[in-house]
Amino acid sequence: MKVAGLVLAAGGGSRLGRPKAEVVVGGRRLVDLAIGSCVRAGLSPVVVVLGAAWVIPMPLVDSPDTPDNDAPEVWLVENSDWATGMASSLRAGLAAMESDAGIEAVVVTLVDTFSVGEEHLARVGSVLRDGATAAVAAYRGEARTPVGLAREVWSDVARTVVGDEGARGWLRAHPQLVTEVECADLGPWIDIDTREDLPGRS
């Protein structure tokens, strides 16, 4: 089953003072960390939605992120409506993947959640491969990201998401379709909103 990774990285980072895709943590940009996690989790292609800043991902060939030294398939998608919120980026990413009929599901992650790594993504991807219609990572029962969506619900999700909420509203409206994937054992869910949230600062 072909499961893609979708990295939402279009925001301007108003509270941080710069686009989060460009932020460097531990010597690597957040966008590159997110792509690397998707690759190691076996997600392909990795679709990156950009907007406030257009960044070219660092090459992953011959790096620890690249299995068997094969170049990962990375798509860059521009969201010109990024300022309207996360929903527009999710719609742009889903629309881009519609062109590849082989993609059966997607795992969605955010560029600013550096605490979400390959294991989180792989767990959600595994549940989708087992037949789940939708999946969400949970941390002691609190739903966060990443989120998994089977192709059959993409159009409905894209039609209903609004503002800066992403898929949250759709997931809450369809609890019977959602499988929770507990990830608290992998550590706390942390996102970056301000400079104080940066590990060691950047």
Side-chain angles (χ1 to χ4, degrees), residues 1-11 20-21 31 34-35 37-52 54 57 72-113 116-118 120-138 143-181 183 189 191:
M1 181 178 184
K2 189 173 183 180
V3 181
L6 176 56
V7 180
L8 304 185
K20 295 176 183 178
V31 69
I35 293 170
S37 292
C38 287
V39 171
R40 292 193 303 274
L43 305 176
S44 182
V46 180
V47 181
V48 184
V49 181
L50 300 168
W54 186 263
E73 187 178 355
V74 178
W75 301 0
L76 301 182
V77 176
E78 183 176 9
N79 173 21
S80 57
D81 294 326
W82 63 267
T84 64
M86 190 189 309
S88 63
S89 290
L90 181 56
R91 283 194 297 269
L94 293 175
M97 290 184 293
E98 287 284 0
S99 64
D100 186 339
I103 301 175
E104 298 176 67
V106 63
V107 179
V108 185
T109 190
L110 308 178
V111 75
D112 64 350
T113 53
V116 172
E118 61 183 287
H120 305 73
L121 299 164
R123 285 186 187 182
V124 173
S126 177
V127 169
L128 293 171
R129 290 187 173 94
D130 287 342
T133 301
V136 61
R144 292 290 193 176
T145 60
V147 168
L149 300 169
R151 189 184 186 97
E152 65 197 72
V153 301
W154 291 358
S155 60
D156 193 38
V157 171
R159 186 169 55 250
T160 58
V161 295
V162 294
D164 207 35
E165 192 172 58
R168 185 184 307 169
W170 186 92
L171 295 168
R172 287 176 175 168
H174 301 83
Q176 74 280 9
L177 300 179
V178 181
T179 300
E180 284 198 356
V181 182
C183 291
W189 184 90
D191 66 340

Considering non-hydrogen atoms only, spot the tightest contact between [X] and [Y] and give its length.
| X | Y | value |
| --- | --- | --- |
| P146 | V124 | CG-CG2, 3.9 Å |
| H120 | C183 | CD2-CB, 3.9 Å |
| G11 | A52 | O-CB, 3.6 Å |
| A150 | A105 | CA-CB, 3.9 Å |
| V157 | A167 | CG1-CB, 4.4 Å |
| V111 | A9 | CB-CB, 3.6 Å |

Roughly how far apart are [X] [atom1] and [Y] [atom2], rounded to 0.5 Å?
| X | Y | atom1 | atom2 | answer |
| --- | --- | --- | --- | --- |
| N79 | L8 | CG | CG | 9.5 Å |
| L43 | E118 | CG | CD | 10.5 Å |
| D130 | T179 | CG | OG1 | 9.5 Å |
| M1 | R129 | CE | CZ | 7.5 Å |

With heavy-atom distances below 4.5 Å as the criterion, would you say the side chains of [X] and [Y] are in contact?
| X | Y | value |
| --- | --- | --- |
| V46 | P72 | no |
| L90 | W170 | no |
| P57 | L76 | yes |
| V136 | E180 | yes |
| I103 | P45 | yes |
| T109 | S37 | no |
| D156 | H174 | yes |

Ionic contact status for R91 with D81, cut-off 4.0 Å = no
Set of residues satisfying side-chain hydrogen bond (donor to acceptor under 3.5 Å, both in side chains) with respect to T145, sequence neighbours excluded = W189
Hey, does the side chain of R168 reach the backbone of V161 with a donor-acceptor pair shorter than 3.5 angstrom?
-> no
Can you check whether S89's main-chain N or O pairs, donor with acceptor, with W82's side chain at less than 3.5 Å?
-> no
Under the side-chain contact (heavy atoms from CB on, under 4.5 Å) rule, what do T113 and R144 come out as? Steps first, then yes or no, please.
-> CA-CA 10 Å; T113 53; R144 292 290 193 176; over 6 Å; no
The residue among V107, V106, T133, L149 that forms side-chain contact (heavy atoms from CB on, under 4.5 Å) with L128 is V107
Residues M97, D100; criterion side-chain contact (heavy atoms from CB on, under 4.5 Å); working and verdict = CA-CA 6 Å; M97 290 184 293; D100 186 339; 5.9 Å; no
